[in-house]
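Everything below concerns the one structure shown next.
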Amino acid sequence: LVGDPKSSKILNELRTKLYDKMIESEDLGLIPEPVLEEMGKDHRNKYFVLMDPENRGLVEELIEIIEAGEGGESDKLLQGLNSDQPSIRYWSATWLGVSGDRERSGSLLPLLNDPSSGVSVAAALALGRLGERDLATSHLVKKISDENLVVGMYAIRAIELLNLSNAPNLPEVIQAKENPYDFTRRIAARITGK
């Protein structure tokens, strides 16, 4: 029913109710897990992230950038790459990768050195989706062993999503079968077939 134009009014009403509830409850769900882990360290606990005055309004900003991605608003996504908020940079990079617009690849390159490892993984995956698979792979394999275990899991999952033919033979992927994080080990086992 979501794709049915007759349902668009109901869909918009339900989406508005959901967004209103997320804003009211200060829902952390739109902050990507690896970024939330990083932010949690800076705020003593991830549940205190939205209590920080610099993060007031973050849920609304995240909703806006996700809607921009869904609407194909490339200019807004490009602006989001320069946000002070890592979760905005993350979603902007993710949506640019989903867009398939290879002309945007150059805009993503600086994010490979982002202070947030979660953002750099999102940028690498986006670049891989836009055809820069070798560059993406060389970056992602380094992130598998990131001190933030969730970043490592996202990195190996990105490798899996890119469906790289050489992934089962990458030393970092093979080594990830011994990773301290169970989810990373599971993904490594899926990729290697063992």
Side-chain angles (χ1 to χ4, degrees), residues 2 11-12 14-43 46-52 54-132 135-136 139-140 143 146 148 150-162 183:
V2 170
L11 178 63
N12 288 334
L14 291 173
R15 185 172 281 151
T16 299
K17 285 181 181 180
L18 172 64
Y19 289 161
D20 289 347
K21 187 66 175 173
M22 292 175 88
I23 292 166
E24 175 191 327
S25 65
E26 295 185 334
D27 191 333
L28 297 170
L30 295 178
I31 301 173
E33 288 177 281
V35 174
L36 184 58
E37 287 293 319
E38 294 165 346
M39 294 174 81
K41 283 185 177 180
D42 294 339
H43 294 87
K46 58 187 168 187
Y47 300 103
F48 293 122
V49 166
L50 294 177
M51 293 180 190
D52 188 318
E54 74 180 24
N55 295 326
R56 291 282 177 209
L58 181 58
V59 176
E60 292 96 324
E61 289 179 59
L62 289 167
I63 290 168
E64 286 178 27
I65 207 70
I66 290 169
E67 286 182 331
E70 290 172 345
E73 298 175 43
S74 293
D75 290 340
K76 185 159 184 134
L77 296 174
L78 290 170
Q79 289 173 357
L81 296 178
N82 297 310
S83 172
D84 290 340
Q85 290 288 351
S87 51
I88 299 292
R89 296 193 305 274
Y90 178 100
W91 283 115
S92 296
T94 297
W95 278 106
L96 286 168
V98 170
S99 76
D101 185 352
R102 292 177 184 235
E103 291 181 22
R104 304 299 183 191
S105 295
S107 302
L108 293 163
L109 291 173
L111 293 185
L112 292 178
N113 298 312
D114 197 272
S116 165
S117 290
V119 172
S120 72
V121 166
L125 175 57
L127 285 163
R129 287 179 166 156
L130 296 176
E132 300 288 342
L135 176 62
H139 185 76
L140 291 168
K143 292 296 182 180
D146 195 272
N148 178 338
V150 180
V151 167
M153 189 256 305
Y154 269 59
I156 199 165
R157 178 67 177 130
I159 290 169
E160 183 179 40
L161 289 170
L162 291 174
F183 292 109

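All values reported here derive from a predicted model rather than from experimental measurement.
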[X] and [Y]: which non-hydrogen atoms are nearest, and at how many Å?
{"X": "L108", "Y": "A126", "result": "CD1-CB, 3.7 Å"}
{"X": "A124", "Y": "A136", "result": "O-CB, 3.1 Å"}
{"X": "A158", "Y": "L140", "result": "CB-CD1, 3.7 Å"}
{"X": "V49", "Y": "G40", "result": "CG2-N, 4.0 Å"}
{"X": "P86", "Y": "V119", "result": "O-CG2, 3.2 Å"}

First locate atom [atom1] of [X], then atom [atom2] of [Y], and finally report the distance between them rounded to the nearest 0.5 Å.
{"X": "R15", "Y": "I63", "atom1": "CZ", "atom2": "CD1", "result": "11.0 Å"}
{"X": "L125", "Y": "I159", "atom1": "CG", "atom2": "CD1", "result": "10.0 Å"}
{"X": "L14", "Y": "L18", "atom1": "CG", "atom2": "CG", "result": "9.0 Å"}
{"X": "K17", "Y": "N12", "atom1": "NZ", "atom2": "CG", "result": "12.5 Å"}

Residues which pass side-chain contact (heavy atoms from CB on, under 4.5 Å) with D52, listed by chain and number, not counting sequence neighbours: H43, E54, N55
If a pair satisfies salt bridge (charged side-chain N to carboxylate O under 4.0 Å, His left out) and one of its residues is in [range], list it, with sequence neighbours excluded.
{"range": "residues 57-71", "value": "E64-K76"}
{"range": "residues 120-132", "value": "none"}
{"range": "residues 78-99", "value": "R89-D114"}

Run the side-chain contact (heavy atoms from CB on, under 4.5 Å) check on S120 and L111 step by step: do they pass? CA-CA 5 Å; S120 72; L111 293 185; 6.0 Å; no
Do V121 and D146 pass the side-chain contact (heavy atoms from CB on, under 4.5 Å) test, and can you show the C-alpha distance, the side-chain angles, and the key distance before you say yes or no? CA-CA 11 Å; V121 166; D146 195 272; over 6 Å; no
For residues 92-106, tabulate all N or O donor-acceptor pairs below 3.5 Å that involve a side-chain atom, not counting sequence neighbours.
unit_1, atom_1, unit_2, atom_2, d
S92, OG, L77, O, 3.4
S92, OG, I88, O, 2.9
T94, OG1, Y90, O, 2.9
S99, OG, L96, O, 2.6
S99, OG, D101, N, 3.1
D101, OD1, E103, N, 3.1
D101, OD2, R104, NE, 3.3
S105, OG, R102, O, 3.1

Would you tabulate the side-chain donor-acceptor contacts of residues 27-38 under 3.5 Å, counting partners in other chains and residues two or more places apart, or write 'none'?
unit_1, atom_1, unit_2, atom_2, d
D27, OD1, G29, N, 2.6
E33, OE1, Y154, OH, 3.0
E37, OE2, K46, NZ, 3.0
E38, OE1, S116, OG, 2.6
E38, OE2, S117, N, 3.0
E38, OE2, G118, N, 3.2

